[in-house]
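Report on the following structure.
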Amino acid sequence: MVMTASGNDATPQAKLMRLRYAGTCAGCRTALAAGTHAAYFRDSRTVRCLACHTGVAPSTATAPTTLEVQAAPRSVSAGTAGTSARREYERRSAKRETRIREAHPRLGGLILAISEEPRSTTAWARGARGEEILGRNLDGLEPRGVRVLHDRRIPRTRANIDHIAVAPTGVHVIDAKRYKGRPALRVEGGIIRPRVHKLMVGSRDCTRLVDGMHKQLDVVQEVLGRAGLEEVPVQGALCFVDADWPLIGGSFVIRDVAVLWPKKLSERLTAPGEMSPARIATVHDALARALPPA
């Protein structure tokens with residue numbers, strides 16, 4: 001049961017917990033690191049440090065508390081694009097080599113030289129390359145006011161977010177894909193059957209990518225809400241690198257997720273917006289602290 005400083009029951013919305021993501025105290029605006037004990041208010045989706053929640057100021061005679069240490073500014077890492085995908089490719093490739101050499105001590109080297117890696121393995125290398133290409137493009141936008149984070153780990157999961165760009169127009173969550181074929185929007189039904197929107201790449205139904213993007217958007221919105229930045233716009237984009245895009249047009253939106261290519265994405269990120277450089281820096285810092293490099 002959550003108690004106030006006077007010993008009475010607190011409002012039922014308040015819950016003492018260890019923060020899953022970094023946040024900002026709604027009372028004193030102190031930065032709260034992930035793992036800090038604080039009071040969480042479910043109805044307003046805000047957090048308060050224990051000092052503000054209980055009304056008891058921390059003792060100045062003791063060593064600095066976690067809250068005080070975390071309030072001090074420190075640099076954050078932007079991460080390296082494609083790191084986790086490259087690491088997974090190398091892990092799978094090394095495991096395959098070990099398995100073949102152990103099964104065929106004398107011919108293992110020859111088998112590896114004349115055989116190809118399975119597509120389930122090379123797909124990771126191809127994906128890493130796509131993230132690296134897009135990452136360089138995004139890094140080049142920094143002089144134009146865009147702050148970027150690469151390959152961020154979603155806490156308590158094995159999933160990651162390829163890129164996050166904080167721009168004057170808000171936060172852009174970006175999933176880089178290096179698929180063959182032409183991305184297209186297919187609309188089915190609408191008269192007798194319910195209308196369904198599908199993301200096609202060539203002849204492949206890739207609508208699951210849109211579902212995955214919405215899960216990433218939920219994570220980023222939760223982080224911003226806990227940091228007191230819930231008013232910041234959050235947008236999603238699937239960026240297909242080296243796809244068979246037409247010479248004119250081709251980009252589209254499906255379920256509020258933009259589907260486009262790197263140059264078109266750059267135009268989207270550098271469009272005029274309401275976020276100031278100081279606000280961009282604050283949002284970038286909050287996201288970097290809550291979502292560490294993968």
Arg182: partners by salt bridge (Lys or Arg N to Asp or Glu O under 4.0 Å), with sequence neighbours left out:
Asp244
Report the residues that fulfil side chain to side chain contact (heavy atoms under 4.5 Å, CB included) with Gln221, sequence neighbours left out, ordered by chain and then residue number.
Asp218, Val234
All N/O donor-acceptor pairs, side-chain side in residues 253-262, below 3.5 Å, sequence neighbours left out:
| from | atom 1 | to | atom 2 | distance (Å) |
| --- | --- | --- | --- | --- |
| Arg255 | NH1 | Asp211 | OD1 | 2.9 |
| Arg255 | NH2 | Asp211 | OD1 | 2.8 |

Listed by chain and number, what are the side-chain hydrogen bond (donor to acceptor under 3.5 Å, both in side chains) partners of Arg87, not counting sequence neighbours?
none
Ring pair (Phe, Tyr, Trp, His ring centres under 6.0 Å): which pairs involve residues 86-124, sequence neighbours left out?
none
With sequence neighbours left out, the residues meeting salt bridge (Lys or Arg N to Asp or Glu O under 4.0 Å) with Arg152 are none
Using a 3.5 Å cut-off and no angle test, enumerate the donor-acceptor pairs between side-chain atoms of residues 167-177 and protein atoms at least two apart in sequence or in another chain.
| from | atom 1 | to | atom 2 | distance (Å) |
| --- | --- | --- | --- | --- |
| Thr169 | OG1 | His172 | NE2 | 2.8 |

With a cutoff of under 4.5 Å between side-chain heavy atoms, which Ile, Leu, Val, Met, Phe, Trp and Tyr residues group with Ile191?
Ile192
Hey, can you pull the donor-acceptor pairs under 3.5 Å for the side chains in residues 138-151, sequence neighbours left out?
| from | atom 1 | to | atom 2 | distance (Å) |
| --- | --- | --- | --- | --- |
| Asp139 | OD1 | His150 | NE2 | 2.8 |
| Arg144 | NH2 | Thr270 | OG1 | 3.4 |
| Arg147 | NH2 | His284 | ND1 | 3.3 |
| His150 | ND1 | His163 | ND1 | 3.0 |
| Asp151 | OD1 | Ser84 | OG | 2.8 |
| Asp151 | OD1 | Asn160 | ND2 | 2.7 |
| Asp151 | OD2 | Thr83 | N | 3.1 |
| Asp151 | OD2 | Ser84 | N | 2.6 |
| Asp151 | OD2 | Ser84 | OG | 3.1 |

Results of salt bridge (Lys or Arg N to Asp or Glu O under 4.0 Å) for Arg178 - residues two or more places apart only
Asp242
Could you list all the salt bridge (Lys or Arg N to Asp or Glu O under 4.0 Å) pairs where at least one residue sits in residues 108-119, not counting sequence neighbours?
none
Applying ring pair (Phe, Tyr, Trp, His ring centres under 6.0 Å) as the test, list every pair that has at least one member in residues 177-224; sequence neighbours left out.
Tyr179-Phe240
